[in-house]
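If you're wondering where the values come from, they're calculated on a predicted model, not measured in any experiment. Each chain gets a letter, A, B and so on, in the order its sequence line appears, and its residues count up from 1.
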Number of protein chains: 2
Amino acid sequence: MHAREALKNRTISPSVNDASPRSDRRPLYVQVRTDVLARIEAGMWKPGALLPSEFALAGELGVSQGTVRRGLDSLVQDGLLVRRQGRGTFVADHTPADVLFRFFRIHDAAGHRVAPTSTATRVRRRTASRAEADALNLAINDRIIRITRIRLADGRPFISETVVIPASRFPGLGDDGVVPNTIYDLFQHQYGVTVSHAEEQLEPVAATARVAGQLRIKPGAPLMKIVRITYDLSGRPIEWRISLCHLKGLHYVASVR
Amino acid sequence: MHAREALKNRTISPSVNDASPRSDRRPLYVQVRTDVLARIEAGMWKPGALLPSEFALAGELGVSQGTVRRGLDSLVQDGLLVRRQGRGTFVADHTPADVLFRFFRIHDAAGHRVAPTSTATRVRRRTASRAEADALNLAINDRIIRITRIRLADGRPFISETVVIPASRFPGLGDDGVVPNTIYDLFQHQYGVTVSHAEEQLEPVAATARVAGQLRIKPGAPLMKIVRITYDLSGRPIEWRISLCHLKGLHYVASVR
DNA sequence: CAGTGGTCTAGACCACCGT
DNA sequence: CGGTGGTCTAGACCACTGT
């Protein structure tokens, strides 16, 4: 009954369930997902925040608790929400280590994850090259921020990395010359940009003289070149990253499902 | 009501819902999943087969249609079942091309998938080496089948590959000297072994003289070494595969979610 | 048209959490 | 203890399929 009345007298959140003949043809649980996701992206519920209970959301959106539950399910599936029985549903707040290990797929011979550190970080502002504009879906003269750094495992340099991000999404980033080791965490908490997923292209290459010098190896040694494009929750590209990795005794781990 | 009676008078499939105090503490929908999965693995429903309707299964298992649905959902999610609205639920029957492209993650510069062919295939029977026994969870003197072959893209040799499988799971495989290009399809339809997922370790290496000769490249050229362990539906390892790939103009594609 | 999956509801009961 | 998520049911209606 509550839902029936709410369905007629709806004033808030008309996006989900307002008039009797529904204009939006998508299933209600999809609309619930979209609505909740929009609020998270808009910053209404920040990482770590407690959402209203399923019944409260159901009342507010004019649908049944089961339908709310189904919508939230898909966001839990995507790792955006976390349920804690007896306590409530929370916006996922991944630790820097969580995010690092999700995207850093290099392990040692024993199968343990490698935690890299960063050094020799440089930040420059440029206009996008053709390749950068293509990768990030920008116009060719849009401003980008280009970060280069050397990454270390156990103090040994093993990755030469270039990160390119659109300046418009991250105003002021690196202006003080400081960039943290885990930049996705900065994206999240400083700019409200949540990293959703990434696509990587891997290819073995021979070390050029320049990179060999950076990594203190012989020119021509085999390196793993990893080209990554990272996407936000809306599916827009937010980062283009090229890593040249000297994987002596290490390997990249992929899982095929 | 039907479910109530079935719940009391249960004779078939006591595994899901038989006595009033349930012995199995797992949720009913998990038990439905397990039960249906077991029947598929036992060959009761073969790839392409039509399952009973959700209501029929619900009656048979003594649970409600919604619970059956939830159990089947998880199998659909895993790609083991396919739903077709208005027609029914079917055991997934992946074409050889489906399976090939799921596990063969190499694309060309334009982003198109590469379809490899095979040549120079050799099949040998051996006892497992230490490394092979470890990878496949075998005892050290268990019999294995070792397949070596060269794989071609557009007629050009680009992968030198070694596949190791436990002889006990695949009796008679390759006895006639013939091994198809897509062996997972053979596993499925000849031996009823469904490939579930795989874990891969990637590393750039320099081509040895031997492999360089096979692939007609210079010794020392950078190759991608891919070590794969493949698992069946029960999570048991069924294949250990080492591929040495000359990815000139090609790349391995990985997706991080 | 009958039969199937797909959506949605209302309500029950359980398991878990913090006070 | 009250409030939360987790499971399960029974039944309604819709959308799609093949005959």
Side-chain angles (χ1 to χ4, degrees), chain A residues 1-8 10 16-18 20-36 49-77 81-92, chain B residues 1-8 10 16-18 20-36 49-77 81-92:
Chain A
M1 309 187 202
H2 307 90
R4 281 285 155 246
E5 291 161 14
L7 188 145
K8 311 255 179 196
R10 204 82 300 270
V16 169
N17 201 352
D18 48 356
S20 296
R22 277 159 42 197
S23 49
D24 193 336
R25 302 308 237 204
R26 293 175 306 159
L28 291 179
Y29 69 88
V30 173
Q31 299 179 45
V32 169
R33 181 199 153 94
T34 306
D35 189 279
V36 170
L50 171 65
L51 265 63
S53 76
E54 294 176 350
F55 277 103
L57 271 176
E60 187 186 337
L61 300 177
V63 300
S64 75
Q65 176 263 355
T67 300
V68 167
R69 183 170 185 77
R70 194 165 170 190
L72 298 187
D73 270 341
S74 78
L75 292 169
V76 169
Q77 188 71 26
L81 296 179
V82 176
R83 287 212 182 87
R84 292 182 210 161
Q85 190 172 52
R87 298 187 52 198
T89 304
F90 300 79
V91 180
Chain B
M1 312 184 199
H2 308 89
R4 282 280 156 251
E5 293 162 12
L7 188 145
K8 312 255 182 197
R10 202 84 301 271
V16 170
N17 200 350
D18 48 356
S20 297
R22 276 156 47 195
S23 49
D24 193 336
R25 301 308 237 202
R26 293 176 306 159
L28 290 180
Y29 70 85
V30 173
Q31 299 179 45
V32 169
R33 181 199 152 95
T34 306
D35 190 279
V36 170
L50 172 65
L51 265 61
S53 76
E54 294 176 350
F55 277 104
L57 271 176
E60 187 186 335
L61 300 176
V63 300
S64 76
Q65 176 262 355
T67 300
V68 167
R69 185 171 183 78
R70 195 166 170 190
L72 298 186
D73 270 341
S74 77
L75 293 168
V76 169
Q77 188 71 26
L81 296 179
V82 175
R83 287 213 182 86
R84 293 184 208 160
Q85 190 174 54
R87 297 185 55 196
T89 304
F90 300 79
V91 180

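With sequence neighbours excluded, the residues that form a side-chain hydrogen bond (donor to acceptor under 3.5 Å, both in side chains) with B:R69 are B:E54. Not counting sequence neighbours, B:T89 has no partner by the side-chain hydrogen bond (donor to acceptor under 3.5 Å, both in side chains) test. For A:S74, the side-chain hydrogen bond (donor to acceptor under 3.5 Å, both in side chains) partners at least two apart in sequence or on another chain are A:R33. By the side-chain hydrogen bond (donor to acceptor under 3.5 Å, both in side chains) test, A:S53 is found to be paired with no residue, residues two or more places apart in sequence or in another chain being considered.
Residues B:V63 and B:Q31 are not in side-chain contact: their nearest non-hydrogen atoms beyond the backbone lie 4.5 Å or more apart.
Protein atom CZ of A:R33 is 18 Å distant from nucleotide atom C1' of C:dT7, rounded to whole Å. With rounding to whole Å, B:F90 atom CZ is found 12 Å from D:dT17 atom P. Summarising the geometry, the separation between CZ on A:R83 and P on D:dT7 is reported as 9 Å, rounded to the nearest angstrom. Separating the CG atom of A:L57 from the P atom of C:dC8 is a distance of 16 Å, rounded to the nearest angstrom. Rounded to an integer number of Å, the gap from A:R70 CZ to D:dC8 P is 17 Å. Atom CG of A:L72 is separated from atom P of D:dG5 by 8 Å (rounded to the nearest Å). Rounded to an integer number of Å, the gap from A:R25 CZ to C:dT7 C1' is 14 Å.
Between A:G88 and A:Q65, the one whose closest nucleotide on DNA chain D sits nearer the 5' end is A:G88. Mapped onto DNA chain C by nearest heavy atom, A:V30 and A:F55 fall at different nucleotides, with A:V30 at the one closer to the 5' end.
Between A:Y29 and the phosphate of C:dC8, there is no side-chain N or O to OP1/OP2 separation shorter than 4.0 Å. OP1 or OP2 of C:dT9 lies within a sub-4.0 Å distance of a side-chain N or O belonging to A:T67. Checking the phosphate oxygens (OP1, OP2) of D:dT4, no side-chain nitrogen or oxygen of A:T89 falls inside 4.0 Å.
Atom CG in B:L72 sits 10.5 Å away from atom OG1 in B:T67 (nearest 0.5 Å).
Of the candidate nucleotides D:dC8, C:dC8, D:dG6, D:dG6 has the atom nearest to the side chain of A:E54. Among D:dT7, C:dT7, C:dG5, the nucleotide with an atom closest to any side-chain atom of A:P27 is C:dT7. Among the nucleotides D:dT9, C:dG6, C:dC8, the one closest to any side-chain atom of A:S64 is C:dC8.
With a 6.0 Å radius and a threshold of 12 heavy atoms from other residues, nucleotides or ligands, A:F55 has its CZ atom at or below the threshold.
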Every protein N/O lying under 3.5 Å from an N/O of nucleotides 16-19 of chain C:
residue, atom, partner, partner atom, Å
C:dC16, O4', A:Q85, OE1, 3.2

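Taking every heavy atom of both residues into account, B:L57 and B:L51 meet most closely at CD1-CD2, 4.5 Å. Here the shortest heavy-atom pairing between B:G88 and B:L50 reads CA-CD1, 3.9 Å. Between A:S64 and A:A58, the shortest heavy-atom distance links the atoms C-CB, 3.7 Å.
Within 4.0 Å (heavy atoms only), A:R69 reaches at least one base atom of the nucleic acid.
Each end of the helix from C:dC1-D:dG18 to C:dG18-D:dC1 gets its own axis from five base pairs, and the two axes differ in direction by 10°, given to 10 degrees.
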